Structure formats: structure tokens, C-alpha cells
Asker: 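One structure follows; several queries about it will come next.
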Number of protein chains: 2
Amino acid sequence: MQNDLETAATFVQRWSEAAAGGNTARCTVRNILDKIGDKWSMLLVMTLATGAKRFNELHRQVPDISQKMLTQTLRDLQRDGLVARQVFDTQPPAVEYRLTGLGQSLIVPLGFLINWADEHFSRIDAARIAYDTRD
Amino acid sequence: MQNDLETAATFVQRWSEAAAGGNTARCTVRNILDKIGDKWSMLLVMTLATGAKRFNELHRQVPDISQKMLTQTLRDLQRDGLVARQVFDTQPPAVEYRLTGLGQSLIVPLGFLINWADEHFSRIDAARIAYDTRD
DNA sequence: GCATGCACTTACCTTGAGGTAATCTTCACC
DNA sequence: GGTGAAGATTACCTCAAGGTAAGTGCATGC
């Protein structure tokens, strides 16, 4: 807890240095946040967190992703070095996707964020209702 | 460290329970990730982390946001109860934006994520270059 | 009396993320 | 020899996020 706050404080300081210079644009954080923001990347990372999965296995666990976006998002994650694609030379060829070490390291901070979302969603929802029904 | 991994492990377990049921859709996490994913929300939250700011002060610190999106994003954050808007009855009226308690609580997990991004960006960048230049 | 700053609002337009649907190849099963 | 599954790719289309630009009302400074 104390440790969390220190980490956050450290960050805020670094951020404000950047902000003071007006260069919050085109920073690494923006780059990463874009990824995290896209509709499917983090969903797939979390789904792969439990272990390697094949293409259609992933599709079954995240049913509302289209095949196109599943392929495309997996390619992007591969390109970023977060996911490894392994083709097994069987007949027919099987393809397995797994998190790399880099991908696994993302689970920790992402887990914090998702825990936060889980814990605070009711308050956000209440705030929305209050805002929408204010006179 | 040990603590981080435990937290992540807890999360992965909860996620996999949800994924097994195929209901990764329309969950609270998707809802929050959509916010975080939008181009400006988290940038403004982090900029406000250092203290209350006025409209044009924010605009100066995040120069590449348009006035329209600044207004709109602040409204959204207000609606979600992350940011409070305070109008001072001076002439001309001054308007100040500050993080609420809820907003401040977001800084902690968001800080972890941004630290991760900062620490690992070079590896991601290297992976991208390797991927793009592979034969 | 003109420009400038503050805090917006509105109308219009562009771009690209993502969806839909069709197609492909290879194999196994019946 | 027809069907279906695995693992994609491709063409086409839609929609909303976000950008641009202009305008508004009020006040101070030159």
C-alpha cells in the first residue's frame, strides 16, 4: 500500500516533468496506451495468461471477436514481442499462441488495473447515473 | 514483487473463470478499458494528478488536444466521477478541474502500467524492428 | 475601439478501426 | 465424393472518434 503510493508518486513526478516541457505527445506511454486501448489486445493477453492456446480455442473463449480481428490482433501482439506463434508440423498443422516473457510481465500491472476496475466499477456506475439524472 | 505476482495470479484465476463461461464480453473490465483506451482520458487524469488545473492550463500542458476533445473528455471524466469541476464566481468566471478521490485512486494502478511501459518500451521497439526486418 | 484571454459550443468533415461475408487449402471422417 | 474443422486472407462497408474552423460572451489591457 505504502509502496504503491510511492510508486505512483514517482510516476506523477516524472510525468509532470514531461508535461512541463509540453512533450506529453509521442512518448512511449502514448504508444503503449494505444495498444492497451484497442478493443482486443488486452483481452487476448489476459486470455493467454492461463496458458498457450490454439486459434479456434481463443475464438471460443472470446466469442465476439471476428476472425479477422483475431488474426490481426495476434499479429500485432506478435510484432510487439508479447505473443509467440508456434506452428507444429503435424497434419493438419496446429498453431499455438503463447505469451512471451515480455507478455507475461504485462500481466502484473494489467492485473492491478483490472482489479481497480472491478473494485470501483459500482462507484463509477453510480456517478454516471447521478450525472445523467441531475436536474 | 512476490505480492505483485500474487495479485496477478488472483486476477488470472478470476478472469479464467469468466472466460470459461465465455462471458468476457460486457464485463466491467471492458467498460473501463474502453475509457482508458480513448485517446485523451488517461492523459488528462495523469496531468491532473499533480493538482487542480484550469481549462487553458490543461490545454497548455497537453497542447495537441483540440478544444472540442478537451471539453468532451473532461465532461466524460466528470460523468464517471473521476474529475470534479468547480466554477468560481469571479469575473470572468474561473473553472477548475481536480481529481476526485475515485480519480486519485486510479493513479496507483495506472502508474504501475505506465512504469511498465517505460521500462519495457525498448524491448517492444526492438521486437517490432526484428519483426519488420525478418526475411 | 481593437486585440487578447478565458471557457466553451456548434457545424462540418475525414480517417481508420472494426464488422461482415466470402473464399482458400489441407486433412479427417463417413 | 461430400461435409466439416482448422487457420487463415481478402474485399467491401459502416460508423463513430476525433480534427478543423468558426463563433460566442465577457473582461482586461494597450
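So that the names make sense, note that chain A is the first sequence line, chain B the second, and so on, each numbered from 1. All values reported here derive from a predicted model rather than from experimental measurement.
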Asker: Starting at CG of A/Leu43 and ending at P of C/dG18, how long is that distance when rounded to a whole Å?
Answerer: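 Going from CG in A/Leu43 over to P in C/dG18 covers 12 Å.
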Asker: Show each protein N/O and nucleotides 3-6 of chain D N/O combination with a separation under 3.5 Å, one pair to a line.
Answerer:
| from | atom 1 | to | atom 2 | distance (Å) |
| --- | --- | --- | --- | --- |
| D/dA6 | OP2 | A/Asn56 | ND2 | 3.4 |
| D/dA6 | O5' | A/Asn56 | ND2 | 3.1 |
| D/dA6 | O3' | A/Arg54 | NH2 | 3.0 |

Asker: Taking only residues at least two apart or on different chains, which pairs with a member in residues 113-130 of chain A satisfy salt bridge (charged side-chain N to carboxylate O under 4.0 Å, His left out)?
Answerer: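 Applying salt bridge (charged side-chain N to carboxylate O under 4.0 Å, His left out) to every pair that reaches into residues 113-130 of chain A, excluding sequence neighbours, yields A/Asp118-B/Arg14, A/Arg128-B/Asp80.
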Asker: Under 3.5 Å, which donor-acceptor pairs link side chains of residues 67-74 of chain B to any protein atom two or more places apart or in another chain?
Answerer:
| from | atom 1 | to | atom 2 | distance (Å) |
| --- | --- | --- | --- | --- |
| B/Thr71 | OG1 | B/Gln67 | O | 3.0 |
| B/Thr73 | OG1 | B/Met69 | O | 2.6 |

Asker: Might you list the N or O atoms of the protein lying below 3.5 Å from N or O atoms in nucleotides 16-23 of chain D, with each pair's distance?
Answerer:
| from | atom 1 | to | atom 2 | distance (Å) |
| --- | --- | --- | --- | --- |
| D/dG18 | OP1 | B/Lys39 | N | 3.0 |
| D/dG18 | N7 | B/Lys68 | NZ | 3.2 |
| D/dG19 | OP1 | B/Lys39 | NZ | 3.3 |
| D/dG19 | N7 | B/Lys68 | NZ | 3.4 |
| D/dG19 | O6 | B/Lys68 | NZ | 2.3 |

Asker: Who pairs with A/Trp40 by ring-ring contact (aromatic ring centres under 6.0 Å, His included), at least two apart in sequence or on another chain?
Answerer: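 Partners of A/Trp40 by the ring-ring contact (aromatic ring centres under 6.0 Å, His included) criterion come out as none, since no residue qualifies.
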Asker: Can you tell which of A/Lys53, A/Arg85, A/Gln78 makes a side-chain hydrogen bond (donor to acceptor under 3.5 Å, both in side chains) with A/Tyr97?
Answerer: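 Considering A/Lys53, A/Arg85, A/Gln78, a side-chain hydrogen bond (donor to acceptor under 3.5 Å, both in side chains) with A/Tyr97 is found only for A/Arg85.
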Asker: Using the salt bridge (charged side-chain N to carboxylate O under 4.0 Å, His left out) rule, collect all pairs that involve residues 93-104 of chain A, keeping only residues at least two apart or in two chains.
Answerer: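 Matches after skipping sequence neighbours: A/Glu96-A/Arg98.
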Asker: Mind checking what makes side chain to side chain contact (heavy atoms under 4.5 Å, CB included) contact with A/Ala126, not counting sequence neighbours?
Answerer: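 For A/Ala126, no residue satisfies side chain to side chain contact (heavy atoms under 4.5 Å, CB included) once neighbours in sequence are set aside.
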Asker: Give the rounded distance in Å between these two atoms: CD of B/Glu96 and C1' of C/dA7.
Answerer: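 Result: 14 Å.
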Asker: Could you note down all residue pairs passing ring pair (Phe, Tyr, Trp, His ring centres under 6.0 Å) where residues 115-134 of chain B supplies at least one of them, sequence neighbours left out?
Answerer: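 Residue pairs with at least one partner in residues 115-134 of chain B: B/Trp116-B/His120.
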Asker: Going by side chain to side chain donor-acceptor pair (under 3.5 Å), name the residues that satisfy it together with A/Arg54, two or more places apart in sequence or in a different chain.
Answerer: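 Expected list: none.
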